A.B. asks: 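Handing you a structure now.
These numbers come from a predicted model, not from an experiment. Counting starts at 1 for both ligands and their atoms, following the listed order.
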Amino acid sequence: MIEQSLKEVRENISSACQASGRKVDEVTLIAVSKTKPIERLREAYDLGIRDFGENKVQELAEKYDRLPKDIRWHMIGHLQRNKVKYIVDKVALIHSVDSIRLLQTIEQEAAQKQCTVDVLLQVNIAAEESKFGIKPIELLEYMEEIVRLNYVKVRGLMTIAPYVKNAEENRKYFCDLRKLFVDITHENVDNGNVSILSMGMSGDYMVAIEEGSTMIRVGTSIFGEREYPV
Ligand SMILES: *Cc1c(COP(=O)(O)O)cnc(C)c1O
């Protein structure tokens, strides 16, 4: 029974957009369905959701096989290089690129399958030791690598903000990521159009939208608490 919770999330998105003078269609809602059974995803699909986020390769591939083909799958979890081949032609967007070597592996696998792959660079904006992600200072190095890629298109940045009780505490991180995003769009790297800022989760997506997010990744607020932590 997710109809009511999804409705609330959509209403919150539109108030956050209104509050910040943005249009609702500038923000893509990704329903984070990790650990949830197919039936829940189908329910979300019937309520109009076409973007789903998963954090495990095998789970994404299984759900991909069993659900309609017009779904856009988002890989949002840490991705091991030896697993890239299983999803490279299934995902709409990989949010979690956090090393040059991973970028190179995705390039090789995409070349092999003759597909292009859209990716985001995951930035560890709050410099948390427990989190994956690139340091802001390293981004320039990535921009140099990116111009060499033919099959991988870097579309923007993603971050996982700290877990906080009060979403306002994350506003500065969203603002920082947005500034970095603006910086790299000015680099004018000839690798496709940099336009995606993936930030905001159940606890803080309204603040993220106010700070310029174009993709929010919402799990708990749509599907309820997960059975086991991931
Ligand atoms: C699980 C997860 C989410 C969703 O988290 P909720 O707090 O349940 O909304 C978003 N982004 C990433 C990368 C995740 O792993």
A.B. asks: Using heavy-atom distances, let me know which of A31, S202, S221 sits nearest atom 9 (O) of ligand 1.
C.D. replies: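 Looking at heavy atoms only, the winner is S202.
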
A.B. asks: Under 4.0 angstrom from ligand 1, any heavy atom of R226?
C.D. replies: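 Yes.
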
A.B. asks: Tell me the nearest of E225, K34, R217 to atom 2 (C) of ligand 1, using heavy-atom distances.
C.D. replies: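 Considering heavy atoms of E225, K34, R217, the nearest to atom 2 (C) of ligand 1 sits in K34.
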
A.B. asks: Restricting to salt bridge (charged side-chain N to carboxylate O under 4.0 Å, His left out), what partner residues turn up for E59, sequence neighbours left out?
C.D. replies: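 Scan of E59 (salt bridge (charged side-chain N to carboxylate O under 4.0 Å, His left out), adjacent residues dropped) gives K63.
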
A.B. asks: Less than 4.0 angstrom from a charged side-chain N to a carboxylate O is my criterion; do K7 and E11 meet it?
C.D. replies: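 Between E11 and K7 there is a salt bridge, with a charged N closer than 4.0 Å to a carboxylate O.
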
A.B. asks: Out of all atoms in ligand 1, which are within 4.0 Å of some heavy atom of T220? Include the element for each.
C.D. replies: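 That gives atoms 6 (P), 7 (O), 8 (O), 9 (O) of ligand 1.
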
A.B. asks: Applying salt bridge (charged side-chain N to carboxylate O under 4.0 Å, His left out), which residue pairs with at least one partner in residues 159-182 are found, sequence neighbours left out?
C.D. replies: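 Applying salt bridge (charged side-chain N to carboxylate O under 4.0 Å, His left out) to every pair that reaches into residues 159-182, excluding sequence neighbours, yields E168-R171, R171-E210, R171-E211.
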
A.B. asks: Counting only nitrogen or oxygen atoms and a 3.5 angstrom limit, does M201 reach ligand 1?
C.D. replies: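 Such a contact does not occur with ligand 1.
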
A.B. asks: With K69 as the cation and Y64 as the aromatic partner, state whether NZ or CZ is under 6.0 Å from the six-membered ring centre and within 45° of the axis.
C.D. replies: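 So K69 does make the cation-pi contact.
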
A.B. asks: Evaluate the ring planes of H95 and H74, with Trp represented by its six-membered ring, and classify them as parallel (under 30°), tilted (30 to 60°) or perpendicular (over 60°).
C.D. replies: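 The arrangement is perpendicular - the two ring planes meet at more than 60°.
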
A.B. asks: Within ligand 1, which atoms have a heavy atom of V218 less than 4.0 Å away?
C.D. replies: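 Selected atoms, number and element: 9 (O).
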
